[in-house]
Number of protein chains: 4
Amino acid sequence: MENLREEDLLFAKHNIRTDLALESHQAVIEREGPPELPGVKVHTEKEPGITITRIVVENDLGAQMMGKAPGNYSTIESTGLREHNRDLHERIAQLLAKEIEWFFEQSEVGAEDPVLVVGLGNWNATPDSLGPKALDNLMVTRHLLEMSPPELRQGLRPVAAIAPGVLGLTGIETGEIIMGVVDRMGAKAVICIDALASRSVDRLCSTIQISDTGIHPGAGVGNRRLAINKETLGIPVIALGVPTVVHAVTIVSDALNLLETGGEGQNPSMETSPGRTKFNIDPKALMSGEPTSPAAPPPLDRRQLISQVLDPYFSSMIVTPKEIDLLIDEVVDVITGALNTAFHEGVSYDEVFKYLS
Amino acid sequence: MENLREEDLLFAKHNIRTDLALESHQAVIEREGPPELPGVKVHTEKEPGITITRIVVENDLGAQMMGKAPGNYSTIESTGLREHNRDLHERIAQLLAKEIEWFFEQSEVGAEDPVLVVGLGNWNATPDSLGPKALDNLMVTRHLLEMSPPELRQGLRPVAAIAPGVLGLTGIETGEIIMGVVDRMGAKAVICIDALASRSVDRLCSTIQISDTGIHPGAGVGNRRLAINKETLGIPVIALGVPTVVHAVTIVSDALNLLETGGEGQNPSMETSPGRTKFNIDPKALMSGEPTSPAAPPPLDRRQLISQVLDPYFSSMIVTPKEIDLLIDEVVDVITGALNTAFHEGVSYDEVFKYLS
Amino acid sequence: MENLREEDLLFAKHNIRTDLALESHQAVIEREGPPELPGVKVHTEKEPGITITRIVVENDLGAQMMGKAPGNYSTIESTGLREHNRDLHERIAQLLAKEIEWFFEQSEVGAEDPVLVVGLGNWNATPDSLGPKALDNLMVTRHLLEMSPPELRQGLRPVAAIAPGVLGLTGIETGEIIMGVVDRMGAKAVICIDALASRSVDRLCSTIQISDTGIHPGAGVGNRRLAINKETLGIPVIALGVPTVVHAVTIVSDALNLLETGGEGQNPSMETSPGRTKFNIDPKALMSGEPTSPAAPPPLDRRQLISQVLDPYFSSMIVTPKEIDLLIDEVVDVITGALNTAFHEGVSYDEVFKYLS
Amino acid sequence: MENLREEDLLFAKHNIRTDLALESHQAVIEREGPPELPGVKVHTEKEPGITITRIVVENDLGAQMMGKAPGNYSTIESTGLREHNRDLHERIAQLLAKEIEWFFEQSEVGAEDPVLVVGLGNWNATPDSLGPKALDNLMVTRHLLEMSPPELRQGLRPVAAIAPGVLGLTGIETGEIIMGVVDRMGAKAVICIDALASRSVDRLCSTIQISDTGIHPGAGVGNRRLAINKETLGIPVIALGVPTVVHAVTIVSDALNLLETGGEGQNPSMETSPGRTKFNIDPKALMSGEPTSPAAPPPLDRRQLISQVLDPYFSSMIVTPKEIDLLIDEVVDVITGALNTAFHEGVSYDEVFKYLS
């Protein structure tokens, strides 16, 4: 019991965690054994080079086990996102657009309802710059529609966009800025785009998560203190996220755990994903001080190791590919393409501007 | 009378104009002859390499003649701003800090009143990126002070900062975003930093204007539609601006005018400023169709020329130095240094962070 | 005679000039009257939204009149280059690729001959950053081919790329750096990409020039002192250029000239190009001091005006669209697409990397 | 014996290594026990907040043990480099300048000998952009001196600078480009600035290494294949490096090692450096398959773990602070300040430009 709270603390404070519901689910399955979690539904679809997984966290029990709020989480995975493959990217963008449209329907966002796209993160810190960069090629139409006669506006959605910056640079909570803008412009939905932390390096820039549960304090690459969700904003918040970092603490914990367990208990699915760090995490064991395998080191060392992992400077370290700048550019193109499609159904980019300007 | 309205139109629509009160004043003096304008006070101070001019537009009559709202306008001029001269820049920053402090006193902004610094403009368009760039080294303290015990906060001002982007990229009026943020954070004053248009190329990146009249629609390098001032925000708005462009239309008009007048009637002060475009503008003559000198071309040509100048594509052209990126970096350093000094009187940069973190 | 040399001086020193052979040709035709120049052949092709003009300067007489070295100059014009129009850009890229292939044939560059692509200009000065930016998405293959077995290299060309910077930042003549690299890598041809100056604002970012005469001292947006051509490098040099600026001096000269001539003598073709500055330049008259129309001002004023235009600070001013950063990104995509196609005939981008990595 | 070669392979291929001679020395001492290495001299100086360590690798025996070429290695350490502390940075810059001057004397580089500064690395990949960024404020004088009369050149050194890019972007070995430029400009010494990999996260952006042994294949954040040193260039090569990343593989290895050894055998000096990852590396044990402590896991697991660490995708991962962009800006300022001082003894920045322009 006490251990459990300590563990929570460790997770909350030191980010041995993932922003992906998919990875949370895998971690619980690995830890708990049973093939299914009560209160959590998982459905997977595959097509060449792409896997889509839809997870529904149905109730509080599922939410507690997963460490994720109740709601819908869709994940599109494709290692091809990291390659310069125009055809595949086009296909992923189409799938992502459909997924976003499904979330709009679920949240009852109408085809002409104004939306505010928020690029979260820090444009001066590469791995956290995904959100602001995603706005660069977004088709922003709100100001054009306001100046157009009503007959031209038909079927077009007013889209606005803002990159509010991060607390350390603005001195203002990101959530406060968004609330202010939502009030002023009368948005009916918010789309947040954010860089995430994953548990596994092979998900970096190859996975896109869409959810309707908003952004939670402490999530993402930067640190946020205020939730950005339907409760705080009063309108639906759909979050699009892409993992760009793994916390260094996660890598070390995984390494330790593998050693402790002697490499057993691995998720079999991992064998099929060759580029993956195949380390498991068992944070309960990590904290408990009880050896989980005969070969495990005595509790003392583990504690010492953990205290080193918890060193504040080390815990701010991130693991990321050398070419992260380039990978972000690729995945951002896919996201912007999908948003432009989902926002203005049946109208191409060129057409919108022909209509309005 | 008719001509006058046409002229106004020309000025308003085609930007044959300046954002600097100093230049407006010069233009009126050149045009109207008398050495002093009723309702306008001008005071000049000089020290080696630097000229400070303080203009007070006292009433509506002065405002109408100048085309500038009633209020205070201070201008610091130094061609040394364009050179990499650390000592001079330090001196200019000190003078600018004092000037900003004077505006704070005038507007009754207290030493611990929270301020919001707004970097206006578009970071993707070099000559318009001055505002957002000026935030980069600003000492933002609001979030640190909120977490500090009251005894540490003494004498420190909560400073927040935001770069709201431009209408074309956000779909939202800049003024709307600022209003939303001001409401949320409870700012007691707003400082706007903006790139301006001047009439003369030799003022580019060598002049800093501070005023308490806010930002007006259509001012600056970008186009704004909503005023950002005490009337719209309910709190004092102090604007800091630096000219980074001359509109191409201005250059052509000036050239025409010089030719028409045969080079007479020039402001004698110009002879002392060697790097200057010494063209005069006489827009009334420009529009009237009446020859102002015997050598002037027939009215028809002038109209034709003006219609070319008014061509929409040409009228979006700007004149700027080749090395504008570099010049903006230099002047931005001076502005940030001055703001950090003015905001936190008697406390150095290093000290603030020692106190708070 | 004396006047002629003075004029040359004016052109050389103060950049009242164009880097486009097309504009040189127009200027001569306007000035000299006859519909054809001896020693210069011009051929124009049109297709929807695009005009291609091929100029051959056949001999020294033509070269002297045009102020351009003997050789081939192709120009692709499309105002659509300034719009976000993917289909049109694709078509322009295909036409440009064919044009580049024609220049390769003319210069006897073989399909597997290694080429060095040089991005001229300064990445820190926006209007001069076109060259370095054009390398960003270039398919560089030389190092991959060196590590591949010969059977895989068939039909693939070793492509290398360098952005040598500018004299002011490196302290080394750009030509010297290129010579050093060409020697080391054994290139058989050099492709230089450069930002140019045009005479007319409506050509900015809407025109691409390809020539086989290399880069000449003083050309481009920056200042170069050493020629980069077949004579200096010993191998064919193909130059790709896009105008990104008009020198402010040119705009003023054009304005003066129109006024002087009373607007007569305009090239009729200009009427069909609505976005254009329709000013003419008659530099001979500009310098001669002789009135060219009854309404012209006395010679004295003209001299005075010219001396102002010649002011060193003013003469470093450029005219450019506000949104130049964005326009450069658009045209650079077209150039990179065309080069990737022309370099690796019949092989797509994806295929090349599949083969080699 | 076999194991040793395997280990070498592991180090060479998978970068479980450091570019810092200081860390190599520590690692050997930790592994081998004796307080002193034959053929290696170490001397340490301290002043408030700064530690300078000078290591001389005197012969091949020392070189083999250290894995570093014979020569001089100076290291300046100060965690204050990561803070915005202008006074401390100024002091570090002065110390660094003296150190560089000492290396010039050792290498017999005269006060007026032309030098080429090379910014190694990739400006598009943040952690590898340190070299190119260091050129931004460098005082480049070669072209100015060439145009100045001899009497003005006295005591001034011709300085040139180039950022050659990386093999993946240019298709040309960096060493080849440098050779070409050195030949053309007649440089008498090369200064290479490069981002390095360290073994410990607390050295990131807090350590500057200067050495006279050049740059070796595979060193730095990027991958280089050709040595850049006196042997290949024929002139002295002084390398300035700052660690900006730890390879993820290193972190995992260190974690494993600590666990295996039960946390013993730590370098006592580490206790004094609180922000440090205190993991040890014992690669011999890592590879050998023999348990080094009773609690160690069976060899099989270790092999399995290593094979995961060796996974190509994982081995391209780097560990870096979130705010790496900002930290690089700080340390680059110190380096540029030191170079400007060391290059032009007794002449200030402002003076140089006053003399020459």
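Reminder, nothing fancy here: chain letters follow the sequence lines and each chain counts from 1.
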Chi angles and distances behind the side-chain contact (heavy atoms from CB on, under 4.5 Å) call for A:Ile318, D:Thr320:
CA-CA 6 Å; A:Ile318 54 171; D:Thr320 197; 3.9 Å; yes
For A:Asp329, give me all partners under salt bridge (charged side-chain N to carboxylate O under 4.0 Å, His left out), at least two apart in sequence or on another chain.
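Residues passing salt bridge (charged side-chain N to carboxylate O under 4.0 Å, His left out) with A:Asp329: A:Lys133.
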Please examine the side chains of A:Met317 and D:Pro321, heavy atoms only from C-beta on, and report whether any two atoms are closer than 4.5 Å.
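Side-chain contact under 4.5 Å: yes.
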List in chain and number order the residues that pass side chain to side chain contact (heavy atoms under 4.5 Å, CB included) with D:Glu330, two or more places apart in sequence or in another chain; answer none if no residue qualifies.
D:His84, D:His89
N/O donor-acceptor pair under 3.5 Å between D:Asn124 side chain and A:Asp325 backbone:
no
Considering only heavy atoms, which portion of A:Ile324 lies under 4.5 Å from any heavy atom of chain D: side chain, backbone, both, or neither?
neither
